[in-house]
Amino acid sequence: MAPTVRRGPVRAAPAAAVLLAVTACSGAPHEATPPSVPSASAGRQETAAPAPPAPSSPATGRSTAMNIRVTLDDRPVDATLNDSPAARDFAELLPLTLNLTDFHGTERIADLPRALRTAGAPEPAAAEPGDIAYYAPWGNLALFHRNGPAASADLLILGHLDVSADRLGQAERITIEAAA
């Protein structure tokens with residue numbers, strides 16, 4: 001006599017997998033059940049209100065935390081510093097007035113009075129026009145009026161200036177102060 005083989009659960013498993021895959025990829029908005037919550041209680045889930053997002057620049061998505069007052073060649077410019085440790089250290093140097101020089105037709109640079117602390121730096125990002133950056137190997141401030149080189153751990157984005165590339169590219173002097 002041949003033993004009886006139960007095939008029902010074996011046939012049901014592939015069908016269940018397909019059903020799960022289709023519902024997971026459906027694109028319809030749904031809330032995932034946290035792994036620690038059994039699926040039987042999924043209907044009783046409590047969800048916390050989402051935390052408000054950190055302020056950010058719509059153009060770059062980089063978080064910003066501190067408004068600063070910037071004057072380029074005696075004309076005011078809106079600007080912000082992000083919340084990175086290097087940007088906070090930079091803010092401790094303010095107020096600053098610096099003479100700017102051209103570097104490779106891409107950025108205006110100036111020496112800082114001291115090196116900035118770079119521990120805890122965010123992921124490297126390529127500089128974009130208007131970015132305020134710190135180039136750690138030289139210890140200088142860089143104001144980009146054109147796209148910078150590829151992302152590098154040596155270049156830390158500190159913030160952003162809301163100014164035209166032409167105006168920034170011709171600037172000879174910058175004054176940076178904490179906003180009141």
Side-chain angles (χ1 to χ4, degrees), residues 27 29-32 34 47-180:
H30 63 279
E31 291 184 29
T47 56
S56 66
S57 163
T60 63
R62 298 173 183 168
S63 64
T64 55
M66 176 187 217
N67 288 326
I68 52 176
R69 205 171 31 214
V70 173
T71 306
L72 283 175
D73 297 330
D74 299 321
R75 294 169 55 198
V77 172
D78 290 331
T80 54
L81 292 179
N82 61 39
D83 61 354
S84 70
R88 288 190 301 269
D89 192 32
F90 176 70
E92 291 176 13
L93 296 175
L94 303 181
L96 284 174
T97 297
L98 305 167
N99 292 320
L100 301 170
T101 57
D102 178 68
F103 187 74
H104 290 286
T106 302
E107 58 194 277
R108 304 297 286 173
I109 63 171
D111 292 327
L112 292 175
R114 67 166 172 81
L116 300 180
R117 292 184 293 269
T118 59
E123 288 294 317
E128 299 172 359
D131 279 348
I132 303 167
Y134 174 67
Y135 186 61
W138 293 354
N140 69 344
L141 188 68
L143 309 172
F144 284 84
H145 56 91
R146 295 194 179 176
N147 285 327
S152 162
D154 291 334
L155 185 70
L156 287 76
I157 306 299
L158 303 176
H160 193 80
L161 298 164
D162 292 323
V163 63
S164 74
D166 289 339
R167 183 170 166 204
L168 184 54
Q170 296 173 9
E172 294 182 7
R173 189 172 182 86
I174 187 170
T175 298
I176 309 166
E177 303 169 284

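No hydrogens, no waters, no symmetry mates; every other heavy atom, side chains included, goes into these values. Each residue takes its place number in the sequence, starting with 1.
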I'd like to check [X] versus [Y] (side-chain heavy atoms, cut-off strictly below 4.5 Å). Are they in contact?
X    : Y    : answer
W138 : F103 : yes
D83  : R88  : yes
V70  : P76  : no
P122 : I157 : no
P129 : L168 : no
L112 : L98  : yes
L141 : L158 : yes
I109 : Y135 : no

Quick one: side-chain hydrogen bond (donor to acceptor under 3.5 Å, both in side chains) partners of [X], sequence neighbours excluded?
X   : answer
N99 : R173
D89 : R114, R117
T71 : none

Listed once per pair and sorted, the salt bridge (charged side-chain N to carboxylate O under 4.0 Å, His left out) pairs that draw on residues 93-113, sequence neighbours left out: none
Salt bridge (charged side-chain N to carboxylate O under 4.0 Å, His left out) contacts in which one or both residues fall within residues 140-165, not counting sequence neighbours: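 Output for this query is empty, none listed.
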By salt bridge (Lys or Arg N to Asp or Glu O under 4.0 Å) - contacts of E177 (at least two apart): R69
If you compare all heavy atoms of [X] against all heavy atoms of [Y], which two are closest, and at what distance to 0.1 Å?
X    : Y    : result
A126 : A150 : CB-C, 4.3 Å
F144 : G148 : CE2-CA, 3.6 Å
L81  : A87  : CD1-O, 3.8 Å
A171 : D73  : CA-OD2, 3.1 Å
L156 : A86  : CD2-CB, 3.8 Å
M66  : A91  : SD-CB, 3.6 Å

Euclidean distance, T106 OG1 relative to N147 CG, rounded to 0.5 Å: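 The CG atom of N147 sits 9.0 Å away from the OG1 atom of T106.
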Straight-line distance of N140 CG to T101 OG1, nearest 0.5 Å: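 The CG atom of N140 sits 8.5 Å away from the OG1 atom of T101.
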Whether Y134 side chain and L116 backbone form a donor-acceptor pair below 3.5 Å: yes
Check: N82 main-chain N/O paired with S84 side-chain donor or acceptor under 3.5 Å: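 Absent.
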Pair S164-D166, side-chain donor/acceptor within less than 3.5 Å: no
